[in-house]
Number of protein chains: 2
Amino acid sequence: MGRSRTEGAAGVRERILAAACALFAEQGYDATSVQQVVDRAGVTKGGLYHYFGAKEDLLVEMYRTVFGERLAALDRILEQGRDPEWTLRAIIDDIVVGTAAMMTESAAVSRELAHMDSARTQRLQADWRRYQEAVRALIRDAQAAGVFAAVASPELVSWSIFGVTTTLHTWFRPDGPKRAEQIAHELADLVLTGLKSRP
Amino acid sequence: MGRSRTEGAAGVRERILAAACALFAEQGYDATSVQQVVDRAGVTKGGLYHYFGAKEDLLVEMYRTVFGERLAALDRILEQGRDPEWTLRAIIDDIVVGTAAMMTESAAVSRELAHMDSARTQRLQADWRRYQEAVRALIRDAQAAGVFAAVASPELVSWSIFGVTTTLHTWFRPDGPKRAEQIAHELADLVLTGLKSRP
DNA sequence: CTGTCAATACCGACCGGTTGGTATGTTGCA
DNA sequence: TGCAACATACCAACCGGTCGGTATTGACAG
C-alpha cells in the first residue's frame, strides 16, 4: 500500500540533508536535535543512521558541497592566467553568486565553522585556508608588480571580501531588491577602486 | 572560614560572566553547559542562578556590554558634527579597536547572534540595526551631497565594514603582527579611497 | 514463471548519560 | 531575627546513538 520503498530511494538521503541544512541554518547545529531532522525529513532515526554515521557527518557533507564548488571554481579561474584585475573580479563574482545560490547550506556552514575542530574537519579547514591564501597571493603579487596600489595589505583586502561573503546570509534576501550579481559587482568596484588608485 | 562571604560579593557575578564569556567564545553557547561555567568560575549552580535567571541571560549580558559601548561611542562621534570622512574614519576606528579590546565577548556575541530570536534579545537586535542604519545614512547623505562617490551603495559599504568586524575574531590575534589600530586604518583607507575617487 | 535467498532500506523502541533548572539547606552579616 | 549569598542534592526531559527486527528488491536457480 501507499508509496513503494524504492520510489524515493534516491531522495531519502537528500531529504535528510536538506532538512538538516535548513534546521542548522535556522537554529544552529547544537540547538538542532537529530529527532527534529528526521521529523522534518519524514523519516526515522534508524533511517538517518543508515545513511550517516553521526550527526556531525551531516555538517561535513555540507562543508564538502559548499567548499568543493568554490574551490573548483577558483582553480578554473586561476588557470586562465588572466591579469590580476580580471582574476580578482572573477573570484569575487563567483564567491558571492555561488554563496547566494546555496544560501541555506552556506549559512549553516559559515555559522558553524568555528564550532568544529575535530579531526574530520581539518581537511576542510585546510581547503578554506588554501582559498584565502590564493586570494592574498594574487593581491600581494600584483602589489609587488605595481599593478595594484598598496592602499591596504593583502590580508585586510581578503578579510573584507570574505567578511562580506561569510556574513552574506544575515542580510541577503533572494527576493530582495539586490541581485547577487549586483552585490558582487559593487564589492569588486569598491575593492578595485581602492586597489587601482594612483597616489 | 577562609575568605569572607562578602569579600568577593562584587566579584562573583563578574567571575561567572567572565567564565561564561570565555567558554562561549571557545566552544559556542549550546556546547557549553552551565556546569562548565560554574566550575571555571569557582562557584556552584546555586550561585549562578542566584545572580542570573537563566543561561540565556549570560549571553544577553554580553550583548549589552558589547553593543552598549559601541553605541555610546557612536553617539559621541556623531554629535561632534564633523565632515563625513572624519566621521566614518572615527566610526571604523572605534568599532575595530573596541571590538579587538573585548575580543572574547565580541567573539561570543557575533558567533551566537543569529542563534537567538527570543523576545529578550529583540531590543538588542534593534540597537544593532540602529548602528548599521546610522552608518548607511552617513554614506548615503555624503553621496547625495557629492562628497562621496557612488562607487558602491551605502548598504554594500556598511556590510563590508561590519563583515570585517564580525569576523574579526576568526583571524585577529592580539599578539599578532598587526595592531588593531593599524587594521582600522587600513580598512578606512580601503573604503575611503574607493569612496573619494572621482570619476 | 516461480521459489529461494542474501542484501538493502528503513523502522521504532530503547539506552546511558547529560542538560537546564529547582527545592532545600547553611552560613555570615546587619 | 531576618535576609542576602551562596552550597548541595536532585529531577524530569531530552540528547545522540544503538539494535533487533521487517518490508522490499534484485540475482539466480530450476
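On a predicted model such as this, the values are computed, not experimentally measured, just so you know. Every chain is numbered from 1 and lettered A, B, ... according to where its sequence line falls, protein lines coming before strand lines.
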When we call it a touch if two heavy atoms are under 4.0 Å apart, what does A:S33 touch: a base, just sugar-phosphate, or nothing? sugar-phosphate

Nucleotide [N], atom [atom2] - distance to [atom1] of [X] in whole Å:
{"X": "A:R15", "N": "C:dC10", "atom1": "CZ", "atom2": "P", "answer": "8 Å"}
{"X": "A:Q35", "N": "C:dC14", "atom1": "CD", "atom2": "P", "answer": "15 Å"}
{"X": "A:E56", "N": "D:dC15", "atom1": "CD", "atom2": "P", "answer": "18 Å"}
{"X": "A:D30", "N": "D:dC14", "atom1": "CG", "atom2": "P", "answer": "18 Å"}
{"X": "A:Y49", "N": "D:dG21", "atom1": "OH", "atom2": "P", "answer": "22 Å"}
{"X": "A:L48", "N": "D:dC15", "atom1": "CG", "atom2": "C1'", "answer": "14 Å"}
{"X": "A:I16", "N": "C:dC10", "atom1": "CD1", "atom2": "P", "answer": "8 Å"}
{"X": "A:F52", "N": "D:dT18", "atom1": "CZ", "atom2": "C1'", "answer": "18 Å"}

Are A:F67 and A:Y131, when compared by the centres of their aromatic rings, separated by less than 6.0 Å?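 Not under 6.0 Å, so no.
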
Answer with yes or no after comparing the ring centroid distance for A:F162 and B:W171 against a 6.0 Å cut-off, counting only values under it. no

Please find the pair of heavy atoms, one from B:T32 and one from B:K55, that lie closest to each other, and give the distance.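 For B:T32 and B:K55, the tightest heavy-atom pair comes out as O-NZ, 2.8 Å.
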
Can you find an N or O donor on one side and an acceptor on the other, under 3.5 Å apart, linking the side chain of A:K55 with the base of D:dG17?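 No, no donor-acceptor pair under 3.5 Å.
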
With the side chain defined as heavy atoms from C-beta on, B:H50 is closest, among C:dC10, D:dG16, D:dC6, to D:dC6

If you only use heavy atoms from C-beta on, which nucleotide in D:dG17, D:dT8, C:dG12 is closest to the side chain of A:K45?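 Of the options given, the side chain of A:K45 lies nearest D:dG17.
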
Would one find a side-chain N or O of B:Y51 under 4.0 angstrom from OP1 or OP2 of D:dC6?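 Result: yes.
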
Report yes if the side chains of B:W159 and A:F172 come closer than 4.5 Å at any heavy-atom pair, otherwise no. no

